[in-house]
J.: 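Take this structure, written in structure tokens, and hold onto it; I'll ask about it next.
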Amino acid sequence: MAYLGYMVYVLLVYPYFCWRRYKKYSNVYTTEEFIPVLGDLKCINDDLNQGRVHYYEKMQKATEMKGKDLRMKFEGYSPLILIQSIKALEEFARLVPSKIDRFNTGRGLSKVLIGTFLFERSIKRTMMRRKILTSFLSLNSSSRHIPVMMIYTIEILKPLKQGQSYDFIELANILTFNIFTSVLFGDDMVDLANKVRPYKNPDGTTSMVPLRDIMINVFKSCFMQIFHPLTATLKPIADANIVNPFKRDNENRLTFIEGMKELYNNCKDETSICKPILKNEQITEHEKILDLNTFIFAGAETSSHGIVSTLFFLKKYPEIFAKLRKEIQDAGINKETVSSESLTREKIEELDYLSCVIKEGLRIDGPASESFFYIAKQDIEICDVPIPKGLPIKVDFTVGHYNAEYWKNPCDFIPERYDQDSEFYKQVEKEGKVGLGFSTRPFSHRIRACPGQSFAVLEMKVALIVILTLIDFEVDPKLLAKEGIGFGVGSKIIPSFKISCKCNCGSLVFFETSI
Ligand code: HEM
């Protein structure tokens, strides 16, 4: 009986009082009516059922959010505060990490990445673990990885057949996973990573799939656990992983960890990032392995979604596509350059319009729609709204990127908004909408912002250069015309791109590439 009372409190009473409490603040957005148990998942489900991306509701409501600094959001029955306005984000940034810090919910994704630094408070040890990994990534210097990025992009394009359609998210996932495997463990480990391993499906069957697919599926299914009824009602059973889907997800997670361990143990390449990390004595063996997993988890799928979104918007705006392709060609980049490993960092940096396109792609449909979880460590106030100790907080990226107060024509893909020589930029400058500082959010801000951003941007640039140089593709006109299309992480929309021309000249012959 007492347990039943507790459940009623957790599922209904507490969320209802949170909703009522925050509804009275004019600068906090809440749903008009209280939606029990499902909360904001209802909007997400409505969008998914209509073939739109799960964060479409936020894109649409961005204009309605004028004057709303915060949003009280319900992930199912769980209330949390979303940081929306620039003012709120400035105050949030000042409070991290002293009064607000990263938070381990113990649910969903934190179950995949148990023990990694990602969900840990920003204490000395966490920051040291983060620094060790990041410093090896930049010590080895991202530009050093350009040949690997080029070669694996060519590798995914090679088998494509003219006239056939492909799911580009799947291709981009193969691309980024192979790049990461190569950078972290060495090129000779890519085959081992692609070796098939047993994956337990929801229908009880077992499929043999590569490590990459196990990682992506584990990521998705653990994320979905947040919305499973047992997570709310019988958490100890969910936590113990003794019933499905928790049991199955945990078994698949362990298969993934085992697969990754095989890569660490077999890594021989002294120039890889894994080698110096494994030799480092400041962190434990266990921490090293978990943290390397974190990088592959956090970096591979995000970058692939970014590549696909940008390609989609380029197809939606043919004149921008043509302008970008011309910039690449005018810089002397052609099929010989991209296949002969002579694409240098300096050459890539010359491509100003490409930088603008990437920035705009990350604004209009960034891979991450919200930050990870943070928590109020004590009672605080943001924009004069009290937030009690223990209430989870996230930063919203989509609403910020579609806010018409910060961006001119936010629903349109306009790379010129970052090009200081363009007429559009001059116009937005006059209106104070140049998208600086906290209005640009794809990689988040402050000490827990994404440490892989320069790597990610470089990887996206190389992939786009190679793809635009070597192939032409078509996207279903209905998909291009439909509202609410996006490919951020978690999107269920399949980007089916049809190859209309290879090598951009009709030739089906690709160059020999060596790794
Ligand atoms: C376009 C691609 C990417 C996007 C949009 C992106 C975005 C983000 C965002 C929004 C966060 C969360 C920050 C927060 O919660 O405040 C994050 C964290 C993180 N990202 Fe990225 N990321 C990308 C690529 C990468 C890459 C390539 C790497 C690795 C090389 C990486 C490694 C990480 C790590 C390790 C964290 C956790 C940092 C921490 O907890 O201190 N990301 N990323």
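Whatever order the structure lists ligands and atoms in, that order sets their numbers, starting from 1.
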J.: Taking Tyr29 as the fixed residue, which of Gln84, Lys61, Arg71 is the one that meets the side-chain hydrogen bond (donor to acceptor under 3.5 Å, both in side chains) rule?
T.: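 The single option meeting the side-chain hydrogen bond (donor to acceptor under 3.5 Å, both in side chains) with Tyr29 is Lys61.
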J.: Would you call the rings of Phe413 and Tyr317 parallel, tilted or perpendicular, taking 30° and 60° as the class edges?
T.: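 Because their plane-to-plane angle lies in the 30° to 60° range, the rings of Phe413 and Tyr317 count as tilted.
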J.: Quick check with a 6.0 Å cut-off and a 45 degree axis cone: is Lys315 positioned over the face of Phe473's six-membered ring?
T.: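 Checked: cation-pi criterion met.
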J.: Judging by distance only, is a nitrogen or oxygen of Thr294 under 3.5 angstrom from one on ligand 1?
T.: no
J.: Hey, is the main chain of Pro97 close enough, under 3.5 Å, to the side chain of Lys377 for a donor-acceptor pair?
T.: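 Yes.
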J.: Between Phe219 and Phe297, how do the two ring planes meet: parallel, tilted or perpendicular, split at 30° and 60°?
T.: parallel
J.: Under 4.0 Å from any heavy atom of Ser444, which atoms of ligand 1 are there?
T.: 13 (C), 14 (C), 16 (O)
J.: Distance to 0.1 Å, residue and atom name: give those for the protein heavy atom nearest to atom 37 (C) of ligand 1.
T.: Leu118 CD1, 3.5 Å
J.: Is Lys323 close enough and on-axis enough to Tyr353, meaning under 6.0 Å and within 45°, for cation-pi?
T.: yes
J.: Distance check, rounded to the nearest 0.5 Å: Phe312 atom CZ versus Lys316 atom NZ?
T.: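 It is 5.0 Å, given to the nearest 0.5 Å.
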J.: Do any heavy atoms of Phe373 fall under 4.0 Å from ligand 1?
T.: no
J.: So which bit of Arg130 gets within less than 4.0 Å of ligand 1, heavy atoms only: side chain, backbone, both or neither?
T.: side chain
J.: Could you check atom 29 (C) of ligand 1 against the protein and tell me its nearest heavy-atom contact, residue, atom and distance included?
T.: Phe295 CD2, 3.4 Å
J.: How long is the straight-line distance from CE of Met65 back to CG of Leu82, given to the nearest 0.5 Å?
T.: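 The distance works out to 8.5 Å.
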J.: Give a yes/no verdict on whether any heavy atom in Arg102 is under 4.0 Å from an atom of ligand 1.
T.: yes
J.: Can you measure from CE (Met59) to CG (Asp365) and round to the nearest 0.5 angstrom?
T.: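 One finds 5.0 Å between CE of Met59 and CG of Asp365.
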J.: By number and element, which atoms of ligand 1 are closer than 4.0 Å to a non-hydrogen atom of Phe397?
T.: 10 (C)
J.: Is ligand 1 less than 4.0 angstrom away from at least one heavy atom of Phe180?
T.: yes
J.: Starting from atom 30 (C) of ligand 1, what is the nearest protein heavy atom, named by residue and atom, and what distance separates them?
T.: Leu137 CD1, 3.3 Å
J.: Any idea which atoms of ligand 1 are less than 4.0 Å away from a heavy-atom of Phe117?
T.: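 Heavy-atom distances to Phe117 below 4.0 Å select 35 (C), 39 (C), 40 (O), 41 (O).
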J.: Does Lys394 make a cation-pi contact with Phe373, if we ask for NZ or CZ under 6.0 Å from the ring centre and within 45° of the axis?
T.: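 So Lys394 does make the cation-pi contact.
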J.: Can you list the atoms of ligand 1 that are under 4.0 Å from a heavy atom of Ser371?
T.: 14 (C), 15 (O), 16 (O)
J.: Tell me whether Arg448 has any N or O atom under 3.5 angstrom from an N or O of ligand 1.
T.: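 By distance alone, the answer is yes.
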J.: Just by modelled atom types, is the Arg129 backbone N or O under 3.5 Å from a matching donor or acceptor in the Asp291 side chain?
T.: no
J.: At a cut-off of 2.8 Å, what protein N/O/S atoms sit near atom 21 (Fe) of ligand 1?
T.: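 Under 2.8 Å from atom 21 (Fe) of ligand 1 - ignoring waters, which are not counted - the protein N, O or S atoms are Cys450 SG.
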J.: Would a distance-only check, ignoring hydrogens and angles, find a side-chain to backbone donor-acceptor pair under 3.5 Å from Asp379 to Lys389?
T.: yes
J.: What is the ring orientation for Phe180 with Phe455, classed by angle as parallel under 30°, tilted 30 to 60°, or perpendicular over 60°?
T.: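 Geometry flag for Phe455 against Phe180: tilted rings.
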J.: May I ask you to list the atoms of ligand 1 that are less than 4.0 angstrom from any heavy atom of Pro442?
T.: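 By the 4.0 Å cutoff, the relevant atoms are 5 (C), 7 (C), 10 (C).
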